[in-house]
Every structure is written in C-alpha cells, then in structure tokens.
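All remarks here apply to the structure that follows.
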Amino acid sequence: MFASKRAMAGPPIAVLRRVKLTLGATPLFDGVDLQLARGERMALVGRNGAGKSTLMRILARAIEPDGGEIFMQPGVVARHLLQEPDFTGFNTAIEYVSDGLDDDMLYRAETELLSWGVPQDLDLKKASGGQARRIALAHAFAHDPDVLLVDEPTNHLDVPAIELLEEELKAFRGAALIVSHDRRFLENVSTSVAWLRQGTVHTLGKGYAAFEEWAETVEADEEKAMDKLNVQLKAEERWMARGVTARRRRNMGRVRKLHEMRDEKKDRRMALNQASSAANLAIDAGTQSGRLVIEAKGLTKIFHTPDGDLPIVDGLNLRVMRGDRLGIIGPNGAGKTTLLKLLLGQLEPDAGSLRLAKTLEITYLDQTRATLKHDVTLWDTLTPLGGDQVMVRGYPKHVAAYAKDFLFESRQLHQPVHALSGGERNRLTLAIALAKPSNLLILDEPTNDLDIETLDLLEDMLSRYEGTLLLVSHDRAFVDNVVTSILTPEGKGQWMETPGGYSDYVSQKKSGGVAFRSSALDPVSKGGPKAADKAPSGPGAKLTFKDQHRLTELNRLMPERQKEIVDLEDAMADSALFTKDPKGFQTRANRLTAARAELENYELEWLALEEKREALGRS
C-alpha cells in the first residue's frame, strides 16, 4: 500500500485494520487499513463499484467484514448519512431531526432546520429531493457526533446549500469521512484523501487539491513494480527452459516461486488493466442543426399559487446558437427544469414566442432517471426490443461490448437495475442517452453519483461534441470545465446570462460586471408591456421595402433548404447507394455540402435582418 505522511490532528478515534470482504466470488476488500482523527476531514475516492459506500457501512457497523478489526475509542458516537435518507416512522421534519435528542438539546434540531431553510412542520412525504437531503444533514449535525460518515451529501443540493455544507463541515469538531463526486466541494473541505483502489486503500495526508498529482505518482510506481517483476519473470523462465527434470527435487522451490511470480504478474496486470480501464464515452452530433437553435422572445410563465403569483420566467429574451454550451445554474425551486421545458416547446408559455431549428435531434437526460425500470435487467434495459444488439448512433453493437464501454462486467448484464449502485445506474442512463444521435443535448444534473474518472471522461466527450448543449448542474467544477456561458435566475422571473463558467459568473457578480443576453435585446421591464405584445406585427416591419422582401424570401428559403438537406441525408444513408450508383452518390454528397453552406448563409443573413428590425423597433 502506498501512503504519504499524514499530519494527524490527534490520535485516531476510528480505525480499520486489515479489513477483508468478499461479495459473491469477488473479493471487494483485501486488507483495508483506515484511520480517522478528530478534526480530520477525509475524502474517500474511488470508482463506482469499488466499495466506498460498503466501507462506510462497515465503519458504521451496519455490516460485518469477513476479516480484520474495527476499533472505535470508548464513548465515540458515529452518524452515517446515507445517499437515500429513510424517514420511515416520522411525519414531520422536526420529528425526524430531534429524534434521540435530550429535551435540553432540542434547540439544536430547531436551529439546524432553520439554518438549512426547512420548515419544522414540513410533511416528510411531500419533501423534495433537495429538502430530504437538507433534513438529513440537519439531523446529522444536530446530534453532533464524534465521527460523521457522509455519502454523496451534495446530491440534490443547490450551490448555496453546498456552500453552507462546506462551512458546517469546516466548523465540525469531530472526524468526517466524505464520499462525493463534487471535486470543488472536496477541494474546499478535505484535509486528507483515502483512495480505494484494487481492494486496498492508499492514503494522502493532504486535501483533494493535491490528489491528481499524487495519484499519478502512485500509478507510476506500480508500473515500475510491474516492469521489475517482468524482468525477474523472464530470467526465471529462461532458467526453466533449460530443463527442470534432472533437478526436480532440488529446484521445486524455485518452480513454485516461478508460478507464484506468474500469479503475481497476472494479478497485477489485471489490477492495472482495471485501474486504467475507462468508460468509453462518445456521442454523435447527428444531423447538423440550423445555426439558430433556440430563440425566445418575451417568454413568460407565471404559476398562480395560493400564496400568490410565482413568476418562473418574465419576458425572457434568449438566443442559443449552434455549438453553444449553456449552463443553467440556480437554487432549487428557481424553475430551471421548467425553463428547459419552455425552451424545448414542451410547456406552453403564458406570453412570448419561441422559435426552434427545424432539424433538431434532441437527447434529454432527465435528473429523475425516469427511463430506468428497477426490476428490469441491465441487458433488457439496453435492448428494450429484445435480441443482443444495441443500435449505437445508427450502427448495431453487441450489448455486452456496449455495456463494457461503460465499465459494466458481463456478470452484471443479467442483474436487475435495483442491484446497481447509484453511480452505475447513472452510467446506465448515460449509455441509453449516448446511443442516440443528437444535435441538441440536454443534461439535467448528469454528475450525480458518477465517479470522478467518469466525470473527467464525460467532460472530454462534451468538449468534442459538435452539437449544442444545455446543462443544468450544481457541480461547479464540471460547469467550469464544460460551458461557454451561464444563465442564472435573478428573482421575480428575471434571468441573466454571463460569459464563461461558474467561477467567471461569481467574479463578475462580485465586481459588478455587466451580464449580456445572447439575443442582444433589451430586457423586458417589469411594469412595461411584454416583448411579445410590442413586437412588430409584420415580418418586415419598419425595414426598407428591399429588406422586407428579402426577409420574407429567407423565411421561405430556409425551410426549403432544411428539407433538401434531410432528403439528401436520408438518401445517402442507404448503404447500397455507393455500390449501385457511385456517380449519383458523389453528386448528392457535393450537393449536400453546398446546401449546408447555403443554409448557413441564409441563417446569418436572416439573423442580421432580424436584429436590424428589432433595433428599428426599439428606436
């Protein structure tokens, strides 16, 4: 086991020594050592399925290992915050949070619920995912344990709640073991790292910010050990090739050593392959969409509630162009998912207009993962029509090979979905979504439960994606690494767009920087008429006769060219066309290139005329 020097805050209060556990026929832990001291906030990292949650359950005494020791200092109390809190037997938030507290400590429950913004009388059956997570955190901190075990605590939390959690953990006096996919969160709170890898734990006495560089050193040392073993093995094999029979009795020990070295090499090679294997994420950008993907003008949606009107969007003007990567960030309940539905035309606005590209192929990854049925096997989930082939971006691929791209083993193919970990279920949802060609990708909280390596690969895939991306996420590091602009709610139905990632948004907000709107339209004033009401009635209002005529002509030409492109692509999709008519195939290919260029020119000209018309309307 590789370990760095650790600057302990004091003697350990929770210890695991040489812990072993086998699930089925596969060893999960093979001699795990781990220790926590007061004031230590240890990040527990590792791949989905490596056993992070299981290791926490062992430390919480929820399950017993096959071997090894679990030690807690006398009087030490541990609290385990599960990924999915269980409210069985409780009706309200205050009942759950105060359970087990002495009467003179009930104020802690009230204080924590107030801090987390949860009403004491909230019916737990009606709690949203974010409320349930905040209630569970309030319960954990109200009891002030000596050891706090938190499993994916940032799931369902918005950015303000995550920042509050960071402050709570920094002020926590006990020892904390934290599993999280949120890299920015781990960088901000951790003081040490435990890397669960190949059944053992490697420890680093620094926070997560130092993890990547250290992990590369660990892997490089393992490669050197593998190279050294290869040299020894070749020497032993040369000796064996010279003949063993005559020296059989004298050299049986050496033969046994050779076989042991071969076994060691096999184990190390398998471990290295497992460690270096990565999810093979790719997505086809599908048919090229028009240059203008989404245009909203004066978009308004107000919900009428018993407590008064709730404006989700009020007079939003927004343009999303082909290739844009727009991140939608905001508190839970601000209406981010509702906004997505409005922008996709799935929800009718109260006022305003919406224009979508004609050739959109949309892939929508829903945060509820509603596509998964828990009693269906992984195999049947990937092949809903039966058989053993998955259509991956238009081409058949064997279900086992496609599942392997997402790090699923063959033995898992016949397991029901409910047997998968949270991260594995998320990878399965990604596998379903990424099989489809798309030119508009909608990701609603895609990072929940994914391991950090898969997050890196997802970021890499998105950087190579040629389509348009709309992303809803509270993962600040992921947003920083993926998007080109941020859309945030500013209250009373107003939304603001700023260039760059989340860090850029925070910097601009602090410095009073000016946000921009991609449509370059004036925001609709609260008291004034809606943009849709004051928009010019005709397609060429206030333009010169020549411009009016050209705008009308472009509104006819763009759909014609879009239809021609679709027809050409459909014809060229026939695999036999090139063989039967190579000249015709080439003619169509040339025309397709020209038609796409014509459409782009038409769209640029249309946009210029539209902006000119809008400017004239404002003046």
Side-chain angles (χ1 to χ4, degrees), residues 289-322 324 326-368 439-444 468-472 485-498 515-539 541 555 558-559 606-607 610-611 613-614 617-618:
S289 68
R291 185 174 180 81
L292 177 69
V293 177
I294 299 172
E295 182 182 48
K297 291 184 179 180
L299 208 63
T300 298
K301 185 68 179 178
I302 299 174
F303 290 115
H304 304 290
T305 73
D307 298 324
D309 289 349
L310 179 63
I312 300 298
V313 182
D314 192 358
L316 174 69
N317 301 303
L318 179 72
R319 278 191 185 139
V320 180
M321 310 301 290
R322 185 175 66 233
D324 281 354
L326 179 65
I328 303 176
I329 308 295
N332 290 339
K336 300 183 294 295
T337 301
T338 301
L339 176 62
L340 279 181
K341 291 179 179 178
L342 285 167
L343 293 176
L344 295 176
Q346 298 174 355
L347 184 65
E348 197 70 27
D350 298 332
S353 62
L354 178 71
R355 177 187 175 95
L356 298 175
K358 299 291 185 184
T359 55
L360 284 185
E361 296 175 339
I362 301 172
T363 291
Y364 195 148
L365 182 62
D366 191 319
Q367 65 172 310
T368 64
N439 50 32
L440 177 57
L441 184 60
I442 315 293
L443 300 180
D444 196 349
T468 304
L469 172 69
L470 299 183
L471 169 70
V472 174
S485 63
I486 297 283
L487 189 65
T488 54
E490 300 300 308
K492 298 182 180 180
Q494 300 300 303
W495 292 75
M496 181 173 71
E497 188 181 8
T498 52
F516 72 92
R517 294 178 183 271
S518 58
S519 62
L521 299 180
D522 288 339
V524 178
S525 63
K526 183 67 178 172
K530 306 296 180 196
D533 297 335
K534 63 181 181 182
S537 57
N555 281 327
M558 287 189 295
W606 179 88
L607 283 170
E610 274 290 297
E611 288 175 353
R613 181 170 71 88
E614 288 159 358
R618 291 196 298 275

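One is the number of the first residue; the rest follow in order along the sequence. FYI, side chains are in, hydrogens and waters are out, and symmetry mates aren't considered; it's all heavy atoms of this structure.
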key: Partners meeting side-chain contact (heavy atoms from CB on, under 4.5 Å) with Leu356 (sequence neighbours left out)   =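 With sequence neighbours excluded, Leu356 shows a side-chain contact (heavy atoms from CB on, under 4.5 Å) to Ile294, Leu354, Leu360, given in chain and number order.
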
What are the two closest heavy atoms between [X] and [Y], and how far apart are they?
| X | Y | answer |
| --- | --- | --- |
| Gly330 | Pro489 | CA-CD, 3.8 Å |
| Met321 | Thr468 | O-OG1, 3.7 Å |
| Glu497 | Leu326 | OE2-CD1, 3.9 Å |

key: Partner set under side-chain hydrogen bond (donor to acceptor under 3.5 Å, both in side chains) for Glu490, not counting sequence neighbours   =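 Glu490 satisfies side-chain hydrogen bond (donor to acceptor under 3.5 Å, both in side chains) with Thr488, Lys509 once adjacent residues are dropped.
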
Does any non-hydrogen side-chain atom of [Y] lie less than 4.5 Å from one of [X]?
| X | Y | answer |
| --- | --- | --- |
| Leu344 | Leu440 | yes |
| Ile442 | Ile362 | yes |
| Trp495 | Leu318 | no |
| Leu343 | Leu299 | yes |
| Leu342 | Leu316 | no |

query = Is the closest side-chain donor-acceptor distance between Ser485 and Asp324 under 3.5 Å?
reply =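 No.
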
Ignoring hydrogens and geometry, is there a side-chain-to-backbone donor-acceptor pair from [X] to [Y] under 3.5 Å?
| X | Y | answer |
| --- | --- | --- |
| Thr300 | Gly315 | yes |
| Thr363 | Glu361 | no |
| Asn317 | Lys297 | no |

For the [atom1] atom of [X] and the [atom2] atom of [Y], what is their distance to the nearest 0.5 Å?
| X | Y | atom1 | atom2 | answer |
| --- | --- | --- | --- | --- |
| Lys492 | Asp309 | NZ | CG | 13.0 Å |
| Leu471 | Leu487 | CG | CG | 12.0 Å |
| Leu441 | Tyr364 | CG | OH | 11.5 Å |
| Ile328 | Leu339 | CD1 | CG | 5.0 Å |

request  = Just do the side chain to side chain contact (heavy atoms under 4.5 Å, CB included) check on Val472 and Thr337 with the steps written out, would you?
outcome  = CA-CA 8 Å; Val472 174; Thr337 301; 5.5 Å; no

Residue pairs passing the salt bridge (charged side-chain N to carboxylate O under 4.0 Å, His left out) test where at least one lies in residues 341-350, sequence neighbours excluded =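 Of all non-adjacent pairs touching residues 341-350, those that pass salt bridge (charged side-chain N to carboxylate O under 4.0 Å, His left out) are Lys301-Asp350.
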
